Amino acid sequence: MSVGKPLPHDAARLHVTGAARYVDDIPTPANALHLAFGLSTEAHADITEINLDKVRALEGVVAVLSADDFNEMPDCSPSAEDEPLLATGTVHYVGQPVFMVVATSHLIARKAARLADITYAPKPAILSYEDALAADTRFEEGPRIYSKGDAASAIASAPHRIEGTLEVGGQEHFYLESQAALVVPDDNGDMVVHSSTQHPTEIQHKVAHALHLPMSAVRVETRRMGGGFGGKESQGNALAIACAVAAARLGRPCKMRYDRDDDMTITGKRHEFRINYTCGFDDDGTITGIEFVQMTRCGWAQDLSLPVADRAMLHADNAYHLRNVRIESHRLRTNTQSATAYRGFGGPQGVIGIERVIDHIAHELNADPADIRRRNYYADMGTPDVATPAVQTTPYGQEVEDFILGAMTAKLLDSTNYKARRAAVDAWNAANPTLKKGLGISPVKFGISFTLTHLNQAGALVHIYQDGSIRMNHGGTEMGQGLFQKVAQVAASSFGVDASRVKITATDTAKVPNTSATAASSGSDLNGMAVKAACDTLRTRLETFLSEHFNETAPFTWQDGKVTFGTQEMTFEEVASLAYLNRVSLSATGFYKTPKIEWDRIKGHGRPFLYFAHGIALTEVVLDTLTGENRMLRTDILHDAGASLNPALDIGQVEGGFIQGAGWLTTEELVWDDKGHLRTHAPSTYKIPTASDAPDIFNVALWDAPNREDTIFRSKAVGEPPFMLGISTFLALSDAVASCGPNYPALNAPATPEELLAAIARATGKTSA
């Protein structure tokens with residue numbers, strides 16, 4: 001069976017040879033035009049005068065469009081219809097598109113976009129949490145609150161109490177392929193859109209709406225993306241709409257690609273959070289009551305901020321059974337880029353909040369953080385040597401039925417010789433005044449499903465050709481994560497053939513309609529099940545035909561490229577050919593919707609997730625206390641992928657997710673100045689981790705246990721959960737800093753050298769900041 005084999009990525013050879021085709025590689029007609037946006041230079045201002053004469057005068061410029069050229073400005077928002085394609089009288093952040101240039105080349109369009117004369121009347125810009133709270137600028141009236149038990153009373157009566165604040169920075173997606181779109185006019189005013197997007201159906205919907213066309217008149221195709229990480233869930237809307245508008249007006253193909261600086265300046269990032277906490281606990285470190293106040297800077301438009309902030313609340317418990325808890329969330333509007341989806345979608349911000357609390361409790365009690373974590377875990381479920389505990393529920397009321405982190409943690413700590421290494425690190429720190437080592441252990445319990453219930457659906461289309469080759473299409477998009485390979489393995493296993501026989505075509509809204517975004521780690525879960533449903537339909541159809549044709553009723557076996565039943569044995573090719581000659585349909589659709597989901601986000605109660613994926617990481621670091629420089633020395637990870645569809649791809653996702661998570665919390669610092677200008681807008685000023693930043697010793701293993709829920713071949717999602725394992729690096733750095741003095745260092749993220757030095761000063765008592 002193909003499922004479970006560590007097969008290479010289907011496009012690996014194309015990736016490494018440069019032959020993989022992305023939007024910018026698609027051959028364009030000779031008369032194609034190129035677009036660029038002219039951007040605002042003010043964070044918040046009224047446009048009092050705009051003169052585009054110099055822009056229009058540049059040789060090669062074909063058209064220039066501003067708000068004055070639209071009777072109705074197209075909207076780019078994925079949610080609240082509050083993102084006009086171009087600014088309409090007022091700009092709301094530095095980098096907002098004000099006008100667009102259509103020219104004969106990409107370079108001419110970019111040059112022309114810088115020639116505008118725009119006069120602004122500046123208005124007060126809301127840039128900080130304090131500004132937003134003072135002005136009460138929000139995307140929901142008042143805070144959203146989820147609660148369970150009586151947190152205030154439990155905290156008041158607890159033997160111990162701590163409180164603190166954690167600042168958590170945002171993160172640039174830094175996909176290798178920047179945002180891009182190509183729109184080609186078709187017959188009868190129809191449009192064909194090639195887009196680097198995780199959500200082709202949304203692109204289809206937004207383009208159709210902008211052109212006043214039915215969705216059936218717009219076909220969106222996405223073969224692959226050069227990375228996405230959530231940054232291509234909604235941020236590609238503007239490019240596709242702009243190209244479609246220009247193509248419709250000029251009757252020529254139109255193409256747009258952001259350069260890196262423009263991409264980083266225009267597009268949204270991970271949401272920044274400020275998390276205040278108050279926690280009561282007993283002498284053993286068991287949490288008796290806890291309160292969180294989560295504040296997030298959402299940027300100028302709503303985008304996906306509400307579900308992101310919801311998911312942060314939903315992961316405020318992470319792996320811990322909180323019996324008395326109150327979570328308060330403020331979604332604040334600011335004059336910065338509209339924060340958007342990012343790998344984990346708010347979950348990492350929620351998880352790091354409770355991990356900080358556990359870390360703080362351990363410091364307060366002078367206890368091992370690993371012991372405090374295990375003491376507060378949910379009880380393991382379904383483990384043979386563990387008695388079934390009483391019902392455990394999350395702060396939002398979902399029963400925890402599949403918790404396995406107790407056993408996973410025990411295995412990881414034992415296999416890594418944790419106790420001895422803990423003692424060795426303590427001994428090292430006692431003997432070395434300058435270089436300090438730290439150990440950090442972080443678990444993750446991540447909920448899998450879209451919290452917007454109707455998105456938990458997928459469709460697929462599967463064809464068998466008369467020569468026995470198979471071609472399929474589904475709603476998922478490929479961004480390097482290996483989704484296409486996994487789904488090909490699902491189809492191959494369904495028919496008992498080699499995965500090389502299966503070809504998956506580009507995601508295409510004309511083949512599979514009404515697709516959900518490839519997000520929420522749901523790509524394999526949803527599309528794998530949809531493809532399997534289509535394959536099951538075809539198998540049943542073929543078995544019925546063969547039984548009647550050969551008058552055989554024995555059970556069928558589909559294995560090793562052969563179909564065996566009764567006295568008959570045929571190759572898969574022979575079955576396909578015979579079915580074709582007998583006019584049996586060799587095409588089928590499949591559909592899947594996630595079961596058991598029931599969620600009321602207003603009440604904050606229900607079952608938003610089908611299941612939880614788990615992981616545990618242990619990281620060791622070394623820190624130079626004079627400079628703040630640091631390195632990861634070793635990381636050990638044990639991750640829960642259920643019955644893995646493809647262990648090689650899953651381990652790759654775990655490794656990449658961990659490094660990206662560590663980058664978020666260490667080197668990746670977003671800096672805006674007091675005028676709202678993003679100063680870290682290029683690779684020269686924004687630092688993602690490189691290969692040399694990976695730990696010298698990097699061990700990753702998969703926990704070998706099938707999903708208890710009926711997912712595709714009992715696998716579990718593996719896209720987002722490993723990202724939060726990078727928190728172990730942050731906790732290890734905090735542990736190293738804590739060895740410098742008696743005070744809790746209250747390290748903030750990202751833990752840049754400057755922040756580490758500030759935390760060392762707090763630990764030693766040399767500053768009150």
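If you're wondering where the values come from, they're calculated on a predicted model, not measured in any experiment.
The heavy-atom pair separating Ala158 from Thr288 by the smallest distance is CB-OG1, 3.4 Å. Listed here is the closest heavy atom pair of Trp672 and Thr336: NE1-CG2, 4.0 Å. Between Gly726 and Leu665 the shortest heavy-atom distance is O-CD1, 4.0 Å. Summarising the geometry of Asp380 relative to Ala407, their closest heavy-atom pair is OD2-N, 2.8 Å, with the distance given to 0.1 Å. Scanning both residues, Trp300 and Gln337, for their nearest heavy atoms gives CD1-C, 4.2 Å. In this structure, His614 and Asp402 approach most closely via the heavy-atom pair CE1-O, 3.0 Å.
Between the side chain of His681 and the backbone N or O of Asp261, no donor-acceptor pair lies under 3.5 Å. Asn699 contributes no side-chain N or O that, together with a main-chain N or O of Ile697, makes up a donor-acceptor pair within less than 3.5 Å. Listed for the Asn318 side chain is a donor-acceptor partner under 3.5 Å among the backbone atoms of Lys445. Judged purely by atom type and a 3.5 angstrom limit, Lys232 has no side-chain atom pairing as donor or acceptor with the backbone of Tyr175. When atom types are taken as modelled, the side chain of Asp640 and the backbone of Ala613 share no donor-acceptor pair closer than 3.5 angstrom. In terms of modelled atom types and a separation under 3.5 Å, the side chain of Glu669 and the main chain of Pro750 share no donor-acceptor contact. Looking at Arg762, its side chain does come within 3.5 Å of a backbone N or O of Pro745 through a donor-acceptor pair. Between the side chain of Arg326 and the main chain of Ile145, no donor-acceptor pair closer than 3.5 Å is present. Listed for the Asp131 side chain is a donor-acceptor partner under 3.5 Å among the backbone atoms of Leu127. Side-chain atoms of Tyr146 come within 3.5 Å of backbone N or O of Arg601 as a donor-acceptor pair.
Ring centers of Tyr342 and Trp664: at least 6.0 Å apart, outside the cut-off. Between Phe658 and Phe698, the distance from one ring center to the other falls under 6.0 angstrom. Aromatic rings of Phe229 and His173 (six-membered ring for Trp) have centroids beyond the 6.0 Å cut-off, not under it. The ring of His315 has its center closer than 6.0 angstrom to the ring center of Phe609.
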Pair Thr685-Thr680, side-chain hydrogen bond (donor to acceptor under 3.5 Å, both in side chains): steps then yes or no: CA-CA 5 Å; Thr685 52; Thr680 49; 5.5 Å; no
side-chain hydrogen bond (donor to acceptor under 3.5 Å, both in side chains) between Arg679 and His677, intermediate numbers included: CA-CA 6 Å; Arg679 292 307 184 185; His677 293 256; 4.8 Å; no
Candidate pair Arg311 and Thr451, rule side-chain contact (heavy atoms from CB on, under 4.5 Å), full reasoning: CA-CA 8 Å; Arg311 190 172 277 263; Thr451 54; 4.0 Å; yes
From CA spacing to verdict: side-chain contact (heavy atoms from CB on, under 4.5 Å), Glu233, Thr340: CA-CA 8 Å; Glu233 186 168 347; Thr340 189; 5.7 Å; no
Trace of the side-chain contact (heavy atoms from CB on, under 4.5 Å) decision for Thr286 with Asn376: CA-CA 6 Å; Thr286 301; Asn376 284 281; 3.9 Å; yes
Verdict with reasoning, Asp310 to Arg144, per salt bridge (Lys or Arg N to Asp or Glu O under 4.0 Å): CA-CA 8 Å; Asp310 287 351; Arg144 173 75 47 215; 5.0 Å; no
Worked check of salt bridge (Lys or Arg N to Asp or Glu O under 4.0 Å) between Lys269 and Glu172: CA-CA 5 Å; Lys269 325 293 178 195; Glu172 165 63 34; 2.7 Å; yes
side-chain contact (heavy atoms from CB on, under 4.5 Å) between His330 and Gln294, worked out: CA-CA 6 Å; His330 299 256; Gln294 300 176 345; over 6 Å; no
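A cation-pi geometry, defined here as NZ or CZ lying under 6.0 Å from the six-membered ring centre and within 45° of its normal, holds between Arg260 and Phe174.
For the salt bridge (Lys or Arg N to Asp or Glu O under 4.0 Å) with Asp368, the lone residue among Lys419, Arg375, Arg421, Arg374 that qualifies is Lys419.
Side-chain polar atoms of Asp359 and Ser734 form a donor-acceptor pair below 3.5 angstrom. Between Asp636 and Thr416, the side chains place no donor N or O within less than 3.5 Å of an acceptor N or O (distance only, hydrogens not considered). Side-chain contact of Asp317 with Thr394: a donor-acceptor pair under 3.5 Å is absent, judged by distance alone. Side-chain contact check for Thr434 and Thr625: no donor-acceptor pair (N or O, by modelled atom type) lies under 3.5 Å.
For the atom pair CD of Glu629 and CG of Leu623, the computed distance is 10.0 Å after rounding to the nearest 0.5 Å.
Remark: Arg422 engages Asp735 in a salt bridge, criterion side-chain N to carboxylate O under 4.0 Å.
In this structure, the side chains of Thr409 and Ile441 come closer than 4.5 Å at one or more pairs of heavy atoms.
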